[in-house]
Undergrad: 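Next up is a structure, given as structure tokens.
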Amino acid sequence: MRLVTWNINSLRLRLPLLAQLTLDERPDVICLQETKVPDPLFPADKLQELGWEHQVYWGMKGYNGVAILSRHPLERVLDVPNWCGRGDSRHVAAWVSLPHAKVLVHNFYVPAGGDIPDINENEKFAHKLSFLKEAREWCSQQAAEKTVLVGDLNIAPCEHDVWSHKQLLKIVSHTPVEVEALNAWLATGFVDAMRHVTPEPEKLYTWWSYRNRDWRKSNRGRRLDHIWVTPDLLPNVKAFRVLKDSRDWESPSDHVPVVMDFTI
DNA sequence: ATGGTCGACACTCGA
């Protein structure tokens with residue numbers, strides 16, 4: 001199984017890029033975040049034409065939105081929480097029926113959390129931490145097997161997941177309180193598959209801000225996008241690639257796709 | 001320390 005996770009930052013705007021990615025990589029499954037398209041306007045037919053026969057998606061007007069596209073049958077998981085009681089389209093889950101196995105895929109878009117890392121001054125940061133706590137509590141009650149959890153988790157947990165650990169300690173996405181919350185969630189039964197394959201101190205980034213003249217030269221990246229697996233799947237993790245060059249595609253997303261290959 | 005750039009949508013918000 002080849003699986004991709006990508007914050008596409010508007011599915012409709014970047015449909016041509018998704019088509020290119022589909023042709024270039026031939027993934028079995030792709031998880032998208034920030035599709036920014038309400039369900040009635042989801043481009044299901046166009047994705048069908050690209051070979052994405054099976055689709056589960058949940059969007060809303062203007063922002064958020066997640067989707068799982070697959071060449072193999074999908075069985076959507078319906079009994080998932082209404083995170084923070086908000087009705088936000090930030091999570092979908094589905095069983096993927098591969099020829100010789102079934103795998104559960106969770107696709108998350110964690111709240112970004114605003115600019116000020118203080119729950120009293122910034123409601124968005126409070127929301128982010130609440131979301132992480134709920135996710136940890138819920139996952140601790142799920143069977144920790146045959147599961148891949150991916151998405152834009154909006155946190156760069158490791159020292160070498162950011163361009164400057166010291167300079168980002170008070171920047172939302174790399175504050176100790178967020179890292180602690182993310183690691184507590186991870187510890188409910190997952191392994192950080194990207195860091196399992198490529199341990200620190202090697203730098204890993206999946207996102208570069210739009211607000212840089214030359215993103216490659218300044219290289220102020222962060223690893224906000226993640227692939228977690230339950231330990232039973234760890235022997236099946238082969239390799240991954242961060243498609244860094246896609247950051248230079250025409251009208252790119254600020255996140256780049258991460259491709260992981262499994263021997264499943 | 002500041003402002004820098006996007007996308008959706010309708011003026012400004014979220015990132």
Side-chain angles (χ1 to χ4, degrees), chain A residues 5-21 31-43 46 57-67 83-91 107-119 121-132 150-157 161-164 166-175 178-179 181-182 205-226 243-258:
Chain A
T5 181
W6 187 25
N7 180 323
I8 194 169
N9 189 16
S10 174
L11 172 57
R12 285 176 291 177
L13 185 69
R14 283 184 240 289
L15 210 48
L17 301 188
L18 181 61
Q20 192 61 52
L21 176 68
C31 296
L32 300 171
Q33 304 87 34
E34 283 209 270
T35 55
K36 295 184 176 177
V37 56
D39 290 344
L41 299 177
F42 192 83
K46 288 175 182 168
Y57 48 89
W58 185 28
M60 56 198 290
K61 191 177 176 179
Y63 54 106
N64 300 335
V66 282
W83 304 102
C84 302
R86 294 193 182 220
D88 284 346
S89 48
R90 293 184 174 277
H91 171 227
N107 180 18
F108 275 95
Y109 175 52
V110 171
D115 290 330
I116 303 164
D118 184 319
I119 59 169
E121 290 183 40
N122 175 9
E123 185 280 326
K124 294 192 187 108
F125 194 69
H127 176 213
K128 185 177 195 175
L129 292 181
S130 297
F131 191 100
L132 293 164
V150 306
D152 176 5
L153 306 186
N154 263 316
I155 296 171
D161 291 341
V162 293
W163 61 277
S164 169
K166 195 176 170 187
Q167 283 178 261
L168 289 175
L169 274 171
K170 292 180 179 172
I171 302 297
V172 172
S173 75
H174 194 62
T175 65
E178 291 168 85
V179 170
L182 190 74
Y205 308 145
T206 64
W207 172 88
W208 290 263
S209 173
Y210 284 125
R211 303 175 194 181
N212 275 317
R213 293 255 171 258
D214 186 338
W215 70 274
R216 200 183 282 274
K217 189 179 171 196
S218 58
N219 198 24
R220 295 187 166 188
R222 303 178 202 171
R223 184 172 71 111
L224 302 179
D225 303 277
H226 296 266
L243 302 187
K244 187 174 175 179
D245 289 346
S246 73
R247 189 63 179 75
D248 276 331
W249 285 349
E250 170 121 21
S251 185
S253 170
D254 45 355
H255 295 253
V256 301
V258 183

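Quick caveat: nothing in here was measured; it's all calculated off a predicted structure. Atom set for the values below is all heavy atoms of this structure, side chains included, hydrogens, waters and symmetry mates excluded. Labels below follow one simple rule: chain letters A, B, ... track the order of the sequence lines, proteins then strands, and each chain is numbered from 1.
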Undergrad: Sticking with atom P, work out how far B:dA10 lies from B:dG14, rounded to a whole angstrom.
TA: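 Their P atoms lie roughly 14 Å apart.
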Undergrad: Please state how far atom CG in A:D88 lies from atom C1' in B:dA15, giving the value in whole angstrom units.
TA: 14 Å
Undergrad: Does A:R216 have any salt bridge (Lys or Arg N to Asp or Glu O under 4.0 Å) partners at least two apart in sequence or in another chain, and if so, which?
TA: A:D245, A:D248
Undergrad: Heavy atoms within less than 4.0 Å of DNA chain B: which residues of residues 123-130 of chain A have one? Give them sorted by number.
TA: A:K124
Undergrad: Can you sort out the partners of A:E123 under salt bridge (Lys or Arg N to Asp or Glu O under 4.0 Å), two or more places apart, ordered by chain and number?
TA: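 Once residues adjacent in sequence are excluded, the partners of A:E123 under the salt bridge (Lys or Arg N to Asp or Glu O under 4.0 Å) criterion are A:R86.
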Undergrad: NE2/A:H255 to CG/A:L32 distance, rounded to the nearest 0.5 angstrom?
TA: 12.5 Å
Undergrad: For A:L41 and B:dA8, what is the distance between atoms CG and C1' respectively, to the nearest whole Å?
TA: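 Between C1' of B:dA8 and CG of A:L41: 12 Å.
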Undergrad: What is the distance, to the nearest angstrom, from the CG atom on A:N7 to the C1' atom on B:dG14?
TA: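 It is 12 Å, rounded to the nearest whole Å.
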Undergrad: May I have the distance from A:K36 (atom NZ) to B:dA8 (atom P), rounded to whole angstrom?
TA: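 For the pair A:K36 NZ and B:dA8 P, the rounded distance is 6 Å.
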Undergrad: For B:dA10, take OP1 and OP2 only and decide whether either is under 4.0 Å from a side-chain N or O of A:K61.
TA: yes
Undergrad: Expressed in whole Å, how much space separates the P atoms belonging to B:dT12 and B:dA1?
TA: 29 Å
Undergrad: Confirm from the modelled atom types if A:R211 and B:dA15 form a donor-acceptor pair under 3.5 Å, side chain to base only.
TA: yes
Undergrad: State which of B:dT5, B:dA15, B:dA8 makes the closest approach to the side chain of A:S10.
TA: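 For the A:S10 side chain, the nearest candidate turns out to be B:dA8.
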Undergrad: Rounding to an integer number of Å, can you tell me how far A:R220 CZ sits from B:dA15 P?
TA: 22 Å
Undergrad: Quick check on A:D115: does its CG atom have over 12 non-hydrogen neighbours (other residues, nucleotides or ligands) under 6.0 Å away?
TA: no
Undergrad: Restricting to side chain to side chain donor-acceptor pair (under 3.5 Å), what partner residues turn up for A:S173, sequence neighbours left out?
TA: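 For A:S173 the side chain to side chain donor-acceptor pair (under 3.5 Å) partners, ignoring immediate neighbours, are A:R222.
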Undergrad: Checking all strands, does A:R247 fall into the base, sugar-phosphate, or nothing category for heavy-atom contacts under 4.0 angstrom?
TA: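 The residue A:R247 makes no contact with any strand.
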Undergrad: Within this structure, what is the CG-to-C1' distance between A:D152 and B:dG14, rounded to whole angstrom?
TA: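 Answer to the nearest Å: 13 Å.
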Undergrad: Which residues pass the salt bridge (Lys or Arg N to Asp or Glu O under 4.0 Å) test with A:R90, not counting sequence neighbours?
TA: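 A:R90 satisfies salt bridge (Lys or Arg N to Asp or Glu O under 4.0 Å) with A:D88 once adjacent residues are dropped.
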Undergrad: Say we look at B:dG7 and B:dG3: how far apart would their P atoms be, to the nearest angstrom?
TA: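 After rounding to an integer number of Å, I get 22 Å for this pair.
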Undergrad: Using atom CG of A:L32 as one end and atom P of B:dG7 as the other, report the distance to the nearest whole Å.
TA: 16 Å
Undergrad: Just to confirm, is there a sub-4.0 Å distance from OP1 or OP2 of B:dG7 to any side-chain nitrogen or oxygen of A:S251?
TA: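 Answer yes for this pair, as a side-chain N or O of A:S251 is under 4.0 Å from OP1 or OP2.
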Undergrad: Please report, rounded to the nearest Å, how far the P atom of B:dG14 is from the CG atom of A:N64.
TA: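 One finds 11 Å between P of B:dG14 and CG of A:N64, rounded.
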Undergrad: Considering heavy-atom distances to DNA chain B, does A:R213 or A:H255 have its closest nucleotide positioned more toward the 5' end?
TA: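 Its nucleotide being nearer the 5' end, the pick is A:R213.
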Undergrad: Name all residues meeting the ring-ring contact (aromatic ring centres under 6.0 Å, His included) criterion together with A:Y57; count only those two or more places apart in sequence or in a different chain, and write none if there are none.
TA: A:F42
